[in-house]
Amino acid sequence: MPELPEVETTRRGIESALLGRRVLDVIVRDRRLRWPVEPGFERRVRGEAALAVERRAKYLLLRFPAGTAIVHLGMSGSLRVLGAGTPPLIHDHWDLVLEGGQVLRFHDPRRFGSLHWTSADPALHPLLQDLGPEPLSTAFDGEHLFRASRRRRVAIKLLIMNSHIVVGVGNIYASEALFRARLRPTRAAQRLSRAQAAALAQAIREVLAEAIAIGGTTLRDYVNADGVPGYFRQQLFVYERGGAPCRVCGTAIRQVTQGQRSTYYCPSCQD
DNA sequence: CTTTGCACCTGTTGGC
DNA sequence: TGCCAACAGGTGCAAA
């Protein structure tokens, strides 16, 4: 479910509940996430108080004095801050019970999410070490995208969803950014001009920043830490709009499959 | 090396 | 009403 804007919205929502508060208890009800939760996880975190809540790509990093919990929400995961004593429901797989009467609760029906612990620099963790730049950092710009697209035959949509090139661009925002940049998702990456790469990099930055500003996109079940959906769905130009009229020119939006995922574009606006 | 497709898992939706 | 196929905000990994 969550792409970068939803993960960033979650980060902002859980930060104040965690910072400086001791973790009184760690409850893992189901260890069978994408990777099994390490047996020692509970005892590493119990008694620690978070120093920082950060995000790298779609990973949330809960930094404690002794190490870092690395959390991924997968396709259907969410993190919420609830009152301690709120009874867990189905698919509520783990809790951090916090000093002061609140609990951070992880809910994930599909269990594609994950939870790791590292006592080393999380940037060196195998899941993080080969990631590309953050799209909202200065390391990501048109020149980066242009260089990365040279001699690549893959479709440009697949390229921008490749986390080695740039992180955080998922299925919704890939289609949306390509619409804004007026580029066909199916075009070979190597056929982008320098100017088109610059336009696409800019479109990616804008669409992600705008989505963060209104709390991300809720399609089905995404909610932020307070249980509130994101409202970016109303700003979508093409995603999940196959057959509907383009909001710019009225042409029917097309839906195609790329890399076993749905892609949406306007055949008139996008070349 | 790049590219492609599968796998993991549960829930919802739409057609017959 | 029931059944079954298709599809869903991700991504590591194996195979081509």
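Chain naming here is simple, since letters A, B, ... match the order of the sequence lines and numbering starts at 1 in each.
- The stretch residues 141-160 of chain A has no heavy atom under 4.0 Å from DNA chain C, so no residue of it qualifies as close.
- Between A:Tyr59 and C:dG12 there is a side-chain polar atom (N or O) within less than 4.0 angstrom of OP1 or OP2.
- At C:dA8, one or more side-chain N or O atoms of A:Ser262 fall inside 4.0 Å of OP1 or OP2 (strictly under the cut-off).
- Of the P atoms belonging to C:dT11 and B:dC1, the separation is 22 Å, rounded to the nearest Å.
- Taking side-chain N and O atoms only, A:His72 has no distance below 4.0 Å to OP1 or OP2 of C:dG10.
- Spacing between atom NZ of A:Lys58 and atom P of C:dG12 amounts to 10 Å, rounded to whole angstrom units.
- When rounded to the nearest whole Å, the span between CD of A:Glu3 and P of C:dA8 equals 13 Å.
- When ring centroids are compared, A:His93 and A:His107 stay outside the 6.0 Å threshold.
- Rounded to an integer number of Å, the gap from A:Asn171 CG to C:dA8 P is 7 Å.
- Remark: B:dC9 base-pairs with no nucleotide; criterion is Watson-Crick or G-U wobble with both hydrogen-bond distances under 3.5 Å.
- In this structure, CG of A:Leu4 is placed 13 Å from C1' of C:dG10, rounded to the nearest angstrom.
- Salt-bridge check for A:Glu143 with A:Arg194: passed, with a basic side-chain N closer than 4.0 Å to an acidic carboxylate O.
- The side-chain tip of A:Arg241 does not point at the ring of A:Phe237 from less than 6.0 angstrom away and within 45° of straight on.
- Within residues 113-135 of chain A, the residues approached by DNA chain C to less than 4.0 Å at the level of any non-hydrogen atom are A:Leu127, in residue-number order.
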Check your understanding: Which is it for A:Leu200 and A:Leu145 under the side-chain contact (heavy atoms from CB on, under 4.5 Å) test, yes or no, and what are the steps along the way?
Key -> CA-CA 8 Å; A:Leu200 181 54; A:Leu145 191 54; 3.9 Å; yes

Exercise for review: Sugar-phosphate atoms are those with a prime plus P, OP1 and OP2; base atoms are the rest. Using that split, label each nucleotide of nucleotides 7-12 of chain B B, S or - for protein heavy atoms under 4.0 Å, 5' to 3'.
Suggested key: -BBBS-

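- Residue A:Gln190 contributes atom CD, which lies 11 Å from atom C1' of B:dT2 at whole-angstrom precision.
- Residues A:Leu127 and A:His72 are not in side-chain contact: their nearest non-hydrogen atoms beyond the backbone lie 4.5 Å or more apart.
- Following rounding to the nearest Å, A:Arg261 (CZ) and C:dC7 (C1') show an atom-to-atom distance of 11 Å.
- In the set C:dA8, C:dG12, C:dG10, the nucleotide with an atom closest to the side chain of A:Trp35 is C:dG12.
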